[in-house]
Amino acid sequence: MFAIVLKTAQLFSFMRSTEITPDKDGEQVTLAGWVHEVRDLGGLVFIVLRDREGFIQITLPKKAVEREVFNRARKISRESVIKVEGIVKREDKAPNGFEIIPKTIEVLNGSSAPLPLEVTEKVPAELDTRLDNRFMDLRRPKVSAIFRIKSQVVRSIREFLYEEGFIEVQTPKIVSTATEGGTELFPISYFEREAFLNQSPQLYKQILMSAGFEKVLEIGPIFRAEEHNTTRHLNEATSVDIEMSFTDHEGVMKLLERLVAKVYADIIEKCDKFLKILEIKLEVPEVPFPRISYSSAIEIASKSQEIPWGEDLDLQALKTIGAEIGGFYFITEWPTKIKPFYVMPFEDEKISKSFDLMHGYIELASGAQREHRYEKLVEAIKAKGLHPESFEFYLKAFRYGMPPHAGWGLGLERFVMAMLDLGNIREAMIFPRDRVRLSP
RNA sequence: GCCCGGGUGGUGUAGUCCGGCCCAACAUGAGGGCCUGUCGAGCCCUCGCCCCGGGUUCAAAUCCCGGCCCGGGCGCCA
């Protein structure tokens, strides 16, 4: 049923490269895609057709195809979009054991030359050149594979969390106040007022705990106006956020590590083809992940440098710790003063029920049990030098029955970067926004 | 924002240190030609480049100054 609907939605019906096999020998098929390469041997021409799923060889022996088709085919420019009707022929000399002998080749739209970069990967291209010509960069199988995997990552996250009873929500990305302090926000013009692009759905997902949703999930963009210029920061990223009532930090850490393991298992099972293209071998990480308290983390870091208790861990420290622990691990029990106001402190108020999920030296997620007691929360806001009045829309939800709750936010691009061992987070974002890039 | 490195055909590099041998080289590409089993096809011919501005010099891709742009490291960053 679905397939029929899909086909009627198409301009014409065609098969994908992976749907054809040698045992379709003799059958007539229609294909559509891009001309990856043309190899003209004189009396024999090969066209390598590329579509979403792979490559297929179109073979034109001079004597076996119409002269007009033959002469036109050898002149088609690379990356032109063509439609091919032909007969499948079993052939041991062809890749995958078959080829297509065309009856007609229609150029649906020709490509200009020269190309802004090599789709064939014979010549490398710099990231900047690639991003300027992302439409073409994404035609490269290795680049495309990253986003096919990312798509499955998002799907697996949704499936897992829906299965766990989470309700997916969408919270506003345009907000009125510079909410939590800490990061810089992008100001925007909102009619006669100034507004901001939201840095995180944090406050909204907490309000929804008061609303009685119990378990919420949001996958959406977050915006940070920091002028950072590194291989692991973006100014627009995707955050996977959850918030859950009647649990604590331990509860949501367990959920997070199970989620990570489930996504890895799904990717291994469903994205084998793309992992092979990327030459990556994945293993499902073992659960539970190691838990390292902040205090023991600074002790490990002391091998390379002294971190006074209460200071944040800098990159050097995280590299030392990451090298020691390896893989996924949690850093827990952070000093309250370096975490945001909404984290729940322990009895000893210097330490908070907070955690970061790490992979090597990269922070993938951070979370905590939240402060749900109104008076304590107001105090915490003041202690950060912020004004409770500007949080009234949020604080109000804490005065009329706010359950204890906990949650986390996971950076989707960081997660994909860690999984696929990408050297630059921009590789994990289809159209990245960084300090200087605003186009395409 | 700081420090370092860089900008050479459409793409990716060599040449810069120590000015002349560079009207710039290699690969890929583009245009044309030969070739019936290519699969990073092969062979022949042709085309196309020194970021911008100023300076030094007989002579600048190369040295100096300014600008713009890019990369890396760090910082900033729930």
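Note that the structure is predicted; figures quoted are calculated from it, not measured.
For a distance-only test at 3.5 Å, the side chain of A/Glu118 fails to qualify as a donor-acceptor partner of the base of B/G12. For A/Gln316 against B/G75, no side-chain N or O and base N or O form a donor-acceptor pair under 3.5 Å. In this model, a side-chain donor or acceptor of A/His233 finds a partner on the base of B/C77 within 3.5 Å.
Under the 6.0 Å cut-off for aromatic ring centres, A/Phe186 and A/Phe223 do not qualify, their centroids lying 6.0 Å or more apart.
Sequence order on RNA chain B of the closest nucleotides to A/Ala113 and A/Glu99 puts A/Ala113 first from the 5' end. Where A/Lys319 and A/Pro124 each meet RNA chain B at their nearest nucleotide, the meeting point lying more 5' is that of A/Pro124.
Annotation: B/U57 and B/G19 have their C1' atoms spaced 9 Å apart (nearest Å). Straight-line distance between the C1' atoms of B/U16 and B/A60: roughly 11 Å, to the nearest whole Å. Using atom P as the reference point in both B/C49 and B/A24, the two lie 9 Å apart (nearest Å). Remark: the separation of the P atoms in B/A61 and B/A25 is 14 Å, to the nearest Å. Taking atom P on both nucleotides, B/G6 is separated from B/A14 by 11 Å, rounded to a whole Å. B/C74 and B/U8 have their C1' atoms separated by 30 Å, with the value rounded to a whole Å.
Other residues, nucleotides and ligands place more than 12 heavy atoms under 6.0 Å from the CG atom of A/Asp348. Taking a 6.0 Å sphere around CD of A/Glu66, one finds it holds 12 or fewer heavy atoms contributed by other residues, nucleotides or ligands. Within 6.0 Å of the NZ atom in A/Lys62, the count of heavy atoms belonging to other residues, nucleotides or ligands does not exceed 12.
Considering CD of A/Gln28 and CD1 of A/Ile87, their distance stands at 4.5 Å, rounded to 0.5 Å.
Here the nucleotide nearest the side chain of A/Glu126, chosen from B/C70, B/G29, B/U11, is B/C70. Checking B/A30, B/U28, B/G72 against every side-chain atom of A/Arg78, the shortest atom distance belongs to B/A30. Residue A/Asp40 has its side chain nearest to B/C35 when only B/C35, B/G72, B/C74 are considered. Nearest to the side-chain atoms of A/Leu41 among the listed nucleotides B/C74, B/U38, B/G71 stands B/U38. Of the listed nucleotides (B/U38, B/G75, B/A41), B/G75 has the atom at the smallest distance from the side chain of A/Asn229. You'll find that the side chain of A/Asp128 is closest to B/C70, out of B/C70, B/G72, B/G75. Minimum atom distance to the side chain of A/Lys122 is reached by B/U28, of the listed B/U28, B/G75, B/C77. In the set B/C70, B/G12, B/G75, the nucleotide with an atom closest to the side chain of A/Ala125 is B/G12. Side-chain proximity of A/Pro95 to B/C39, B/C77, B/G10: nearest is B/C39.
Under a 3.5 Å cut-off, the side chain of A/Arg291 and the backbone N or O of A/Phe289 do form a donor-acceptor pair.
For B/G12, the OP1/OP2 oxygens have a side-chain nitrogen or oxygen of A/Thr129 closer than 4.0 Å. Look at A/Arg39 and you won't find any side-chain N or O under 4.0 angstrom from OP1 or OP2 of B/C39.
Using a 4.0 Å heavy-atom distance criterion, A/Leu315 is classed as a sugar-phosphate-only contact.
Nucleotide B/G20 has B/C58 as its partner under the Watson-Crick or G-U criteria, with both atom distances under 3.5 Å.
Contacts between residues 52-73 of chain A and RNA chain B, defined by a heavy-atom separation below 4.0 Å, involve A/Gln57, A/Lys63, listed by number.
Residues A/Glu85 and A/Thr104 bring a donor and an acceptor atom of their side chains to less than 3.5 Å of each other.
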